[in-house]
Amino acid sequence: MSVHIGAQKGDIAETILLPGDPLRAKWIAESFFENPKCFNEIRGMYGYTGTYKGKKVSAMGTGMGIPSISIYANELIKDFGVKNLIRVGSAGSYQKDVKIRDVVLAMAASSTSGVNELRFGGADYAPTADFGLFMKAIEAAKAKNIPVKAGNVLSSDEFYEDDIESYKKWSKFGVLCVEMEAAGLYTVAAKHNVNALAILTISDSLVTGERTTSKERETTFRGMIEIALELA
Ligand SMILES: O=P(O)(O)O[C@H]1O[C@H](CO)[C@@H](O)[C@H]1O
Ligand SMILES: O=c1cc[nH]c(=O)[nH]1
């Protein structure tokens, strides 16, 4: 048992899917796992382990934002020996050709968070996806005929921006979409020499103003989950 995860050693698989929303973790376990067992309810941050095509795999919520995912990633790696951390999240599109329900693989994650500036004494650090997981995800998506886009994403510290036009600067520099955790996950994984990848589904568009409902965000991201499960 760690500070925020009420599991025993061995309860959590080496590969874990990490949605921000704990109810999405429950839905993943109930919809895709064989014999799912709940290993965490502390703070309502549900965590489950089961098997998928016979391989042990886990899913757990991380909460929203870099501080929250960093706490869970640290404990999963250091206290439970997790090796492959795969974020499965929603994101807002920054590009005209990145459409609602598109799947995006985050090759790298820019950020408005100050945490890495603090860590590296004011210098920049470029958080990147694990190449092996990234290539496996590309292959799984191809095999399943699920189109994916890949590139730089923004891990923002703000969901509600003061300046709603601020996305245009990131958009101009090729950033595909915004979410709130990948840069933190990639950095913690790199620090501990384990693997991380963020697979995102576009839930709304800053460009067109379209959005999906929160129920849809909880349950309709099957393509992204199917890709992630092939990485176990
Ligand atoms: O759908 P999840 O995984 O929570 O991800 C996105 O949704 C939340 C904001 O609504 C943030 O956590 C953001 O990163
Ligand atoms: O616009 C969005 C959509 C999902 N997640 C975010 O952080 N922003």
Side-chain angles (χ1 to χ4, degrees), residues 16-29 31-32 43-48 58-73 76 85-96 98-106 108-113 115 127 129 137 149 151-171 175-189 196-225 227-229:
I16 190 163
L17 273 56
L18 299 170
D21 180 355
L23 291 179
R24 197 180 313 139
K26 186 169 188 276
W27 170 75
I28 291 167
S31 314
F32 294 91
R43 291 178 179 249
M45 202 58 80
Y46 298 122
Y48 294 83
S58 298
M60 191 178 85
T62 64
M64 292 183 273
I66 287 175
S68 187
I69 197 168
S70 299
I71 289 171
Y72 290 109
L76 287 167
L85 297 97
I86 301 153
R87 168 161 157 68
V88 281
S90 61
S93 172
Y94 274 6
Q95 303 287 342
K96 234 206 264 171
V98 177
K99 303 204 185 298
I100 300 282
R101 294 181 198 86
D102 277 1
V103 176
V104 172
L105 304 182
S110 303
S111 187
T112 56
S113 159
V115 73
K149 296 191 163 74
N152 199 352
V153 308
L154 176 67
S155 299
S156 178
D157 260 3
E158 288 175 295
F159 184 80
Y160 297 109
E161 302 263 359
D162 288 338
D163 174 10
I164 55 165
E165 300 285 290
S166 68
Y167 84 89
K168 289 185 177 165
K169 181 183 57 195
W170 297 100
S171 172
V175 170
L176 299 180
C177 58
V178 61
E179 52 83 78
M180 300 179 70
E181 293 85 14
L185 176 65
Y186 288 180
T187 305
V188 172
L197 174 67
I199 308 177
L200 307 167
T201 301
I202 301 300
S203 57
D204 57 80
S205 171
L206 282 283
V207 184
T208 64
E210 290 167 274
R211 34 180 71 245
T212 52
T213 64
S214 49
K215 191 67 193 165
E216 249 189 301
R217 287 173 206 212
E218 189 186 312
T219 60
T220 60
F221 297 154
R222 296 195 80 91
M224 151 176 89
I225 307 301
I227 296 170
L229 285 167

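Every number for a ligand or one of its atoms is a count from 1 in the order of the listing. Index from 1, following the sequence.
- For the residue pair Glu210 / Thr208, a side-chain donor-acceptor distance below 3.5 Å is found, with atom types taken as modelled.
- For the pair Met180 and ligand 1, the shortest N or O to N or O distance falls below 3.5 Å.
- Proximity of Trp170 to Ser110: side-chain heavy atoms (C-beta onward) are separated by under 4.5 Å at one or more points.
- When each atom of ligand 2 is checked for a heavy atom of Gly92 under 4.0 Å away, the hits are 1 (O), 2 (C), 3 (C), 4 (C).
- Distances between N or O atoms of Arg87 and those of ligand 1 include at least one value under 3.5 Å.
- Near Phe159, with a cut-off below 4.0 Å to any heavy atom, the atoms of ligand 1 are 9 (C), 10 (O).
- If you number the atoms of ligand 2 from 1 as listed, the ones under 4.0 Å from a heavy atom of Ser203 come out as 3 (C), 4 (C).
- Looking only at atom types and distance, the side chain of Thr112 has no donor-acceptor partner in the side chain of Asp157 under 3.5 Å away.
- Residue contact check: Met180 has heavy atoms under 4.0 Å from atoms 7 (O) of ligand 2.
- Considering backbone and side-chain atoms together, Pro19 places no N or O closer than 3.5 Å to any N or O of ligand 1.
- Across Ala137 and Ile227, no two heavy atoms sit closer than the pair O-CG2, 3.7 Å.
- A salt bridge links Arg87 with Glu179; the closest basic N to acidic carboxylate O contact falls under 4.0 Å.
- Put simply, the side chain of Leu18 does not reach to within 4.5 Å of the side chain of Val88, judged on heavy atoms.
- For ligand 1, the atoms lying closer than 4.0 Å to a non-hydrogen atom of Glu179 are 14 (O).
- Atom numbering of ligand 1 starts at 1 in the shown order; those under 4.0 Å from a heavy atom of Arg24 are 1 (O), 2 (P), 3 (O).
- When Ser203, Gly92, Ala198, Ser90 are checked for heavy-atom proximity to atom 7 (O) of ligand 1, Ser90 turns out nearest.
- Between Phe32 and Trp27, the ring planes are perpendicular. Angles over 60° get that label, and only those under 30° would be called parallel.
- Within ligand 1, the atoms closer than 4.0 Å to a non-hydrogen atom of Met64 are 8 (C), 9 (C), 11 (C), 12 (O), numbered from 1 in the order shown.
- In summary, the atoms of ligand 2 found under 4.0 Å from a heavy atom of Asp204, numbered by their order in the structure, are 1 (O), 2 (C), 3 (C).
- Proximity of Val104 to Ile202: side-chain heavy atoms (C-beta onward) are separated by under 4.5 Å at one or more points.
- Atom numbering of ligand 2 starts at 1 in the shown order; those under 4.0 Å from a heavy atom of Phe159 are 2 (C), 6 (C), 7 (O), 8 (N).
- Tyr94 and Val175 make their closest contact through CB-O, 3.5 Å (heavy atoms, listed as atom of the first residue, atom of the second, distance).
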